[in-house]
Participant: 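This is the structure I have questions about; it appears just below.
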Amino acid sequence: MTPIDEIKARIDIVDLVAESVTLRKSGKNYSGFCPFHSNTRTPAFVIFPDSGTWRCFGQCNEGGDIFRFVMKKEGWDFPEALRYLAEKAGVTLKAPTPQEQEAAEEHDHLRALLEEAVTFYRHHLFNTPAGKPVLEYLQTKRGLKNETIEAFGLGYAPQSWDMALKHFKGKGYAEQDLIDAGLVTVREREENKGQGIGDRGNDGIPPTPYPLSPRTVYDRFRHRITIPIRDERGRMAGFGARILNPDDLPKFLNSPQTAIFDKGRLLYGLDRARKAIRATEQAVIVEGYLDVIALHQAGFTNAVSPMGTALTENQLFLLKKLTRRIVLALDPDAAGDKATLRGLQIARQAMDHSSEAVFDARGLLSHEARLQADIRVTTLPAGMDPDDVVNRDPAEWQRIIENAKPIVIHVMETLAAGKNLDDPKSKNEIAAQVLPLIEEVPSPIERDTYRQRLARLLRVDERSLLGETSHKAARTPRRRLSPAAETARQPAVTSPSTSDPVTTLEARCLGVLIRRPDLLYRVDRALQEASLPRLGLADFQSAEHQAILQLVQESLRQDISEPLHSVLNSMSLPLMDLADELLVRTQKIDPSDDRVLEDLLRALLDLRRRNLRQHIDHYRYLIEEAQQQGDLRASEYGQMMMQFTQTHDRLDRALGRYTGRQAATNG
């Protein structure tokens, strides 16, 4: 028995959920009001003790096991929930390897140093003559209160090449510690050769007395406002620093890449925004650190910001764990018509580099489809930042966010703004840019809706837009799979020994995907051909299975190592125990066997059908209860039942196709 299994055996899901949800018995199950969204009329949150799972049949439409419940309730990832539940159950997790222990201790050491740096910079802001005008700037120009400045740990890096260096070396820290934490910068002597003696500017080469040293080590942040950057758990990771002298460059300077500071995996303010994001069921992404601080001060505590680089899928996934609805609040330049076909970057021009802030609708649609999120876009008044808006009128900020629009609608309206829509050439130009985006949308209903809206906007017959799409598709050759991808198939997988058929099916699917992550592309394609959504985390009730599927998905988005190696190298120790079991059960797989994809699809379709039947059964209960109470939502539940029935029919047809093939092969 793995530690995960032992935890599930020791913790009763009803007892765990009852700590925060009032439950009542409904047959062999329990129901109550969902703790993840506001609902006081119908108890749509159900606990299934037999399977140890829960599901919300209301607004959330999510479910899982005890791990998933804790993850959603606290905004944690799987390892955090595992540690919490292991302690609660009295289960000892496997000790980390010496290498993992050494890395953890190093990270703790660096975080302790960075915490002391917060104190150092804070002292220079509040208690030095040089910091006084900086504090006044934050209070008067940026409108920040002292308690806000304290809460976010803002500070001042003095205008000195070595004040921080000397301070921390005097406290016993080694020079290498400061380098590893990103608090100092190193210049080798070869790089210094030929440089002048004078000061080269805020980020230039320091002057004498260092010219003959083998290398020059000096403070990275000088004469800047310092902004501590923490990870989603509130642990120090690094700093952002804003200029005070307008002639200095860059405008914003981040910590360099370190063992604990990875710009692509951090979102500023997420540690403080997690609860508000869950409560409002919405995350708002803005461009600047000080914008986040001003919004939080005004009560809009669901705002976060990237690190001044391209917004990554890792960052979006951090938010997707808390909410499906993500709003990008962009300035008009970043989301304007000249930028709609370029790469996404949510950044001011002078943050760490000189690249222009741009917006890529196609990239966002791709993120939205893979993450199954609802990403929307809104723009700010010309010449204003979020802090300008919220300081002028908080209600205006609220209206701006409420008016956020889906990506495709934002693009078509932005392109049409100021254009002569009576001009056929203008209509054609807009359609040429918007139609390819519409084709990127996976949902056929959404595609039809967007085409209808574009037709109304351009005042043309929708059939002409469909003709344009078909014409382009005919000219575009269909991309063929490689021979290896066409022939790489595997046989049926031995199912694990468990009495729970859902867990058996989940394990069967994952057992194949761990060995062959590349099959995920073919699975998604086959599902879409059957008018079914792609494989996603919602297909799995087990939180550890969801975590493994996430690693499989991430392995296909990286190009550093083979997907299988990426999956295995990214696993925590408890997940490795589970993966070992799945790999043992699939060790007889023959990559040349033609049946592998069909077997995988049969298992997945059967899994979806079983989960859907659970939905249908509970909605029957909701309809009966609503009718007894005279609740008008009985008709709404009836419509949901019709949708479930239609989906069930599609699953049956798809499953029959693969079952028929299997019977023919066996015959």
Participant: Step by step, work out the side-chain hydrogen bond (donor to acceptor under 3.5 Å, both in side chains) result for Q398 and E402.
Facilitator: CA-CA 6 Å; Q398 184 69 38; E402 289 174 352; 3.1 Å; yes
Participant: Looking at F48 versus W54, is the centre-to-centre ring distance below 6.0 Å?
Facilitator: no
Participant: Working to the nearest 0.5 angstrom, can you tell me the gap between E440 CD and L435 CG?
Facilitator: 12.0 Å
Participant: Checking salt bridge (charged side-chain N to carboxylate O under 4.0 Å, His left out) for the pair K427/D422: CA distance, chi angles, key distance, verdict?
Facilitator: CA-CA 8 Å; K427 293 183 180 184; D422 292 325; 5.5 Å; no
Participant: Go through the steps to decide whether E462 and R453 satisfy the test salt bridge (charged side-chain N to carboxylate O under 4.0 Å, His left out), and finish with yes or no.
Facilitator: CA-CA 9 Å; E462 186 186 346; R453 183 152 181 161; over 6 Å; no
Participant: Please report the closest heavy-atom contact between V21 and F33, naming both atoms and the distance.
Facilitator: CG1-O, 3.6 Å
Participant: Quick one: pull up CG in L365 and CD1 in I407 and give me the separation to the nearest 0.5 Å.
Facilitator: 4.5 Å
Participant: Answer whether the closest heavy-atom distance between the side chains of L380 and W397 falls below 4.5 Å.
Facilitator: yes
Participant: Is R265 atom CZ crowded by more than 12 heavy atoms from other residues, nucleotides or ligands, each under 6.0 Å away?
Facilitator: no
Participant: Please check: side-chain N/O of T378 versus main-chain N/O of I400, any donor-acceptor pairing under 3.5 Å?
Facilitator: yes
Participant: Please report the C-alpha distance between E62 and R68 in whole Å, then the side-chain angles of each, then the deciding distance to 0.1 Å, and finally whether the salt bridge (charged side-chain N to carboxylate O under 4.0 Å, His left out) criterion is met.
Facilitator: CA-CA 10 Å; E62 292 190 37; R68 183 61 187 163; 3.2 Å; yes
Participant: State whether the side chain of D524 and the backbone N or O of L535 hold a donor-acceptor pair below 3.5 Å, judged by distance alone.
Facilitator: yes
Participant: Rounded to the nearest 0.5 Å, what separation is found between the OG atom of S531 and the CZ atom of R650?
Facilitator: 6.0 Å
Participant: Taking atom CZ of R392 and atom CG of D388, what is their separation to the nearest 0.5 Å?
Facilitator: 8.5 Å
Participant: Measure from NZ or CZ of K72 to the centre of the six-membered ring of F36 and say whether it is under 6.0 Å with the direction within 45° of the ring axis.
Facilitator: yes
Participant: Step by step, would you call R610 with D606 a salt bridge (charged side-chain N to carboxylate O under 4.0 Å, His left out)?
Facilitator: CA-CA 6 Å; R610 289 174 183 271; D606 192 9; 3.5 Å; yes
Participant: Begin with the C-alpha distance, continue with both residues' side-chain angles, and end with the deciding distance and a verdict on side-chain hydrogen bond (donor to acceptor under 3.5 Å, both in side chains) for Y289 and N254.
Facilitator: CA-CA 11 Å; Y289 303 146; N254 286 321; 2.7 Å; yes
Participant: If you draw the axis of the six-membered ring of F152, does the NZ or CZ of R272 fall within 45° of it and under 6.0 Å from the ring centre?
Facilitator: yes
Participant: So that I know where these two stand, are F57 and F644 an aromatic pair - ring centroids less than 6.0 Å apart?
Facilitator: no
Participant: Can you tell me if H296 uses its side chain to pair, donor with acceptor, with the backbone of A303 under 3.5 Å?
Facilitator: yes
Participant: For residues V292 and G269, report the shortest heavy-atom separation together with the two atoms involved.
Facilitator: CG1-CA, 4.4 Å
Participant: Donor-acceptor check, side chain of Q546 to backbone of D539, threshold 3.5 angstrom: yes or no?
Facilitator: no
Participant: In Å, rounded to the nearest 0.5 Å, how long is the span from CD of E446 to CD of E368?
Facilitator: 6.5 Å
Participant: If we count only N and O atoms by modelled type, under 3.5 Å, do the side chains of S542 and E544 hold a donor and an acceptor together?
Facilitator: yes
